[in-house]
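Let me begin by presenting the structure, written as structure tokens, before commenting on it.
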Amino acid sequence: MIYSGFLGGSFLFALKRELGYTNTQEVERRTSMNRSALHKISYGLYIITSGQDGKFNGQIANSMFQVTSNPATVAISINKENYTHELIKLSRRFVVSILSEEAPMTFIGLFGFKSGRDVNKLQNVKTKTGQTKVPIVLDNTVSYLEVEVDKEMDCGTHTIFIGNIIDCDVVSDAVPMTYAYYQKVKGGKSPKTAPTYSKEEPSAAAAPQAAASYVCSVCGYVYDPVKGDPDNGIAAGTRFESLPDSWTCPVCGADKSKFEKEK
Ligand code: FE
């Protein structure tokens with residue numbers, strides 16, 4: 001169910017490919033850099049939808065920013081392996097839904113850790129269509145931007161699409177989700193195809209002294225007994241061992257047996 005990651009080979013190989021370097025010594029020097037510096041970059045959390053002629057999909061993205069004000073343009077960075085990438089290439093349009101802090105992990109997991117080639121992600125989600133005819137996700141959305149692609153840049157594993165906003169609107173007054181909030185409060189991780197994915201991404205929460213945290217081996221979600229899983233009725237302070245057998249990973253839906261004790 002998980003997308004195959006761009007760090008499929010060795011870390012060194014992946015970095016070399018990512019940076020476009022051919023000089024091995026230079027690459028080795030780069031691997032000694034402190035990549036945790038990258039975790040200080042701030043982002044939001046968005047759903048990007050795209051498609052045409054009845055074929056639509058959506059995915060989570062954290063790499064979106066406004067490029068110019070007049071005309072109003074934005075840029076997004078999308079992994080070439082993702083189905084949404086294929087649909088943007090085809091339709092030359094996309095919609096950005098800016099998520100609120102209230103978006104539950106199951107919702108983020110649906111768009112972040114499952115492939116649109118396997119499941120119809122938009123089936124049970126509230127949407128509407130506007131100027132681009134691309135479904136605009138309205139659940140847990142603060143505002144949305146409808147975009148027509150104007151330029152694109154090949155960046156190796158990813159493509160940066162730059163486009164003109166042809167329509168946009170505010171959906172709710174809720175607080176927009178930042179990527180830091182997603183990581184720290186929600187315990188979220190990057191999918192392997194995210195530009196920000198890193199194998200050594202630190203766990204969202206330090207392991208508590210008394211009760212252990214457990215990691216989902218499928219998606220990397222960390223169950224922290226200190227926080228519980230309030231989105232699914234599990235109170236803070238509930239040990240992993242005490243979770244009901246029916247409990248599943250709030251992000252990817254894997255059952256308890258797929259969890260391993262965090263080291
Ligand atoms: Fe999971």
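Counting starts at 1 for both ligands and their atoms, in listed order. Predicted, not measured: the structure shown is a model, and the values here were computed from it.
Ring centroids of Tyr214 and Phe259 are separated by 6.0 Å or more, keeping the two rings apart.
Remark: Ser63 engages Tyr43, Ser77, Pro195 in a side-chain contact (heavy atoms from CB on, under 4.5 Å) (not counting sequence neighbours).
Around the Fe ion (ligand 1), the protein contributes the following N, O or S atoms at distances under 2.8 Å: Cys216 SG, Cys219 SG, Cys249 SG, Cys252 SG.
At least one test fails for Lys151 against the ring of Phe161: distance under 6.0 Å to the centre or angle within 45° of the axis.
Side-chain contact of Glu152 with Thr159: a donor-acceptor pair under 3.5 Å is absent, judged by distance alone.
Ion pair Arg117/Glu86 flagged as a salt bridge, since at least one NZ, NE, NH1 or NH2 atom sits closer than 4.0 Å to an Asp/Glu carboxylate oxygen.
Panel note: side chain Lys121, backbone Ser115; no donor-acceptor pair is recorded below 3.5 Å.
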